[in-house]
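Notes for the one structure printed next.
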Amino acid sequence: MVSLNNFSQRLFGQALRYFLAVAETLNFTRAAQQCRVRQPSLTRAIRELEEELGGALLCRERSHTHLTELGRSMLPLLKRCHASALDAKALAERRLRGEQAPLRLAISHTVSMDLLAGHLMALNRKFPALEIGYLRGTAAEIVDRLEKGEAELAIAGPLGADRRRMHRLALFDEDFVLAVSECHPCAGQAIALSQLRDVPLMIRPYCENHPDIADLFDRAGIDPGKACHVMQDKDAIAFISAGLGACVIPESVGAGRGIRTVAVSGMKLKRSVCLYAPAATERTPAAAALTGLLCSADWKSARRRTFQHRTARIASS
């Protein structure tokens, strides 16, 4: 049986590197030369690794060395483990040298990057060498990444997370609107909520406010089973622009993309876009700086500039 503690230590040691060298060269002598180690030491380390795993990884023959079935099945995983170990070592070395830690942001599928680009550029000017990783996800995926430490900050609509474990700072509120193409019969006129029964609709099940929208449709007698389900806003906007249907969507998502928004009487849906962070985690300087930028932003003006920018892009295309 594999001992997790001992096995993990070996993965960070030399045995894994030796095995990967033999798997690449299929020759113990060349692998030892590549690793700059004596062949008996390399052979002994690989045998100890095999003992930890409980089976042979390599079949040793006088003129031919090849991977066993276990070796072939383990090779991809062991490569990833080795790469992760190297990444961990490199990160530790950078931190010990006082270099800036990377910033990982989890961003909802429903939040447009157009709204965030200016703030991220300002952050980059403050921390020129900062590495930023962007993770897109649903509400459940974002909460999971925050709780596992895979993201330091998140930007999303309502997550429904336990507030004792999560800090939440409201950034801006916005309405949901009915988005249609410019040539849609409903464009430019107000309609009643009940009239949506006769409009081909699209549903965004990944949206944090999807339960609210579904409840609204249910109360209005609108059957969402007849709607087209899309799995990302890019597709929803493309379908709306092509006249393939209408969609209840946050104002900032569809603004200026060649579509029109329609006032729907009886539809009072809003969402709060918030900045989230784990409650028990100390923020890095970059995360603290981005928090300050986002919380002090004039979001009304930012959304207006985003609309104007998108409109200009459409007009010039």
Side-chain angles (χ1 to χ4, degrees), residues 95 99-177 204 206-212 233 249-256 268-310:
R95 294 300 299 272
E99 294 182 11
Q100 178 65 46
L103 176 63
R104 297 288 179 263
L105 296 177
I107 302 172
S108 166
H109 288 305
T110 69
V111 174
S112 172
M113 288 298 289
D114 288 343
L115 288 172
L116 305 176
H119 305 295
L120 294 172
M121 288 175 63
L123 182 68
N124 184 255
R125 288 193 293 269
K126 186 174 180 65
F127 299 96
L130 179 64
E131 174 192 339
I132 307 178
Y134 304 101
L135 308 167
R136 284 287 197 174
T138 62
E141 290 167 341
I142 287 173
V143 170
D144 185 61
R145 282 170 169 164
L146 285 171
E147 290 182 342
K148 289 181 177 178
E150 296 173 358
E152 190 174 356
L153 297 174
I155 302 168
L159 294 181
D162 187 343
R163 294 189 179 183
R164 291 171 298 178
R165 295 180 296 166
M166 207 79 66
H167 285 309
R168 181 177 66 89
L169 297 169
L171 299 180
F172 63 88
D173 294 335
E174 66 177 337
D175 294 319
F176 278 80
V177 295
R204 302 160 59 250
Y206 51 88
C207 178
E208 298 93 317
N209 293 81
H210 175 64
D212 301 325
D233 281 345
I249 204 165
E251 225 172 3
S252 63
V253 172
K268 296 181 179 179
L269 283 176
K270 286 182 176 289
R271 74 162 178 173
S272 291
V273 175
C274 301
L275 178 69
Y276 298 88
T281 303
E282 184 179 353
R283 297 183 196 179
T284 62
L290 181 58
T291 298
L293 287 169
L294 296 178
C295 291
S296 62
D298 180 353
W299 288 103
K300 184 176 181 179
S301 297
R303 297 204 301 278
R304 183 170 61 249
R305 287 194 299 271
T306 298
F307 175 84
Q308 293 169 345
H309 178 59
R310 290 176 183 165

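Heavy-atom basis, side chains included; hydrogens, waters and symmetry copies ignored. Note that the coordinates shown come from a computational prediction; the quantities given were computed from them, not determined experimentally.
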| note | Sequence neighbours excluded, the answer for side chain to side chain contact (heavy atoms under 4.5 Å, CB included) partners of K268 is none
| said: Going by the rule side chain to side chain contact (heavy atoms under 4.5 Å, CB included), which residues pair with P158 if we only count those two or more places apart in sequence or in a different chain? | reply: E208, N209
| said: Under a 3.5 Å distance rule, please check whether Y276 uses its side chain to pair with a backbone N or O of G157 as donor and acceptor. | reply: yes
| field | side-chain hydrogen bond (donor to acceptor under 3.5 Å, both in side chains) involving N124 - partner list, sequence neighbours excluded | value | none
| task | Starting from the C-alpha separation in whole Å, work towards a yes-or-no answer on side-chain hydrogen bond (donor to acceptor under 3.5 Å, both in side chains) for R271 and T110. | result | CA-CA 11 Å; R271 74 162 178 173; T110 69; 2.8 Å; yes
| In Å and rounded to the nearest 0.5 Å, what is the CD1 to SG distance from I249 to C207? | 8.5 Å
| query | Got a sec, which residues hit side-chain hydrogen bond (donor to acceptor under 3.5 Å, both in side chains) with R104, two or more places apart in sequence or on another chain? | reply | E131
| In Å, rounded to the nearest 0.5 Å, how long is the span from OG of S108 to CD1 of I142? | 5.0 Å
| message | Could you check whether any side-chain heavy atom of W299 comes within less than 4.5 Å of a side-chain heavy atom of E174, counting everything from C-beta outward? | response | no
| remark: dist I155:CD1 -> H119:NE2 (nearest 0.5 Å) comes out at 9.0 Å
| Which residues pass the salt bridge (charged side-chain N to carboxylate O under 4.0 Å, His left out) test with K270, sequence neighbours left out? | D175
Show me the donor-acceptor pairs within less than 3.5 Å that the side chains of residues 287-296 make with the rest of the protein, sequence neighbours left out.
unit_1, atom_1, unit_2, atom_2, d
T291, OG1, R283, NH1, 3.1
T291, OG1, A287, O, 2.8
S296, OG, G292, O, 2.8
S296, OG, L293, O, 3.4

| request: Decide yes or no for T284 and E152: does some side-chain heavy atom of the first lie under 4.5 Å from some side-chain heavy atom of the second? | output: yes
| Under 3.5 Å donor-acceptor, E141 side chain and T138 backbone | yes
| query | Any idea how H109 and Y206 line up, ring-wise: parallel (<30°), tilted (30 to 60°), or perpendicular (>60°)? | reply | perpendicular
| query | Are any of the side-chain heavy atoms of F176 and V253 separated by less than 4.5 Å? | reply | no
| said: Please give me the minimum heavy-atom distance between L146 and A154, naming the atom from each residue. | reply: CD1-CB, 3.7 Å
| message | Please evaluate residues R136 and M113 with respect to the criterion side chain to side chain contact (heavy atoms under 4.5 Å, CB included), reporting the C-alpha separation (whole Å), side-chain torsions for both, the decisive distance (0.1 Å), and the verdict. | response | CA-CA 11 Å; R136 284 287 197 174; M113 288 298 289; 3.0 Å; yes
| task | Give the intermediate values and the outcome of salt bridge (charged side-chain N to carboxylate O under 4.0 Å, His left out) for residues R204 and D233. | result | CA-CA 8 Å; R204 302 160 59 250; D233 281 345; 2.8 Å; yes
| task | Supply the atom-to-atom distance L135 CG to L153 CG, rounded to the nearest 0.5 angstrom. | result | 11.5 Å
| request: Go through the steps to decide whether L120 and L105 satisfy the test side chain to side chain contact (heavy atoms under 4.5 Å, CB included), and finish with yes or no. | output: CA-CA 11 Å; L120 294 172; L105 296 177; 3.8 Å; yes
| R168 and S272: side chain donor to acceptor below 3.5 Å | no
| said: Show, in sequence, the C-alpha distance, side-chain angles and deciding distance for I132 and L123, and conclude whether the side chain to side chain contact (heavy atoms under 4.5 Å, CB included) test is met. | reply: CA-CA 10 Å; I132 307 178; L123 182 68; 4.0 Å; yes
| request: Kindly compute the distance separating CG (L159) from SG (C274), expressed to the nearest 0.5 Å. | output: 8.0 Å
| task | Flag the pair L115 / F172 as yes when at least one side-chain heavy-atom distance between them is below 4.5 Å, and no otherwise. | result | yes
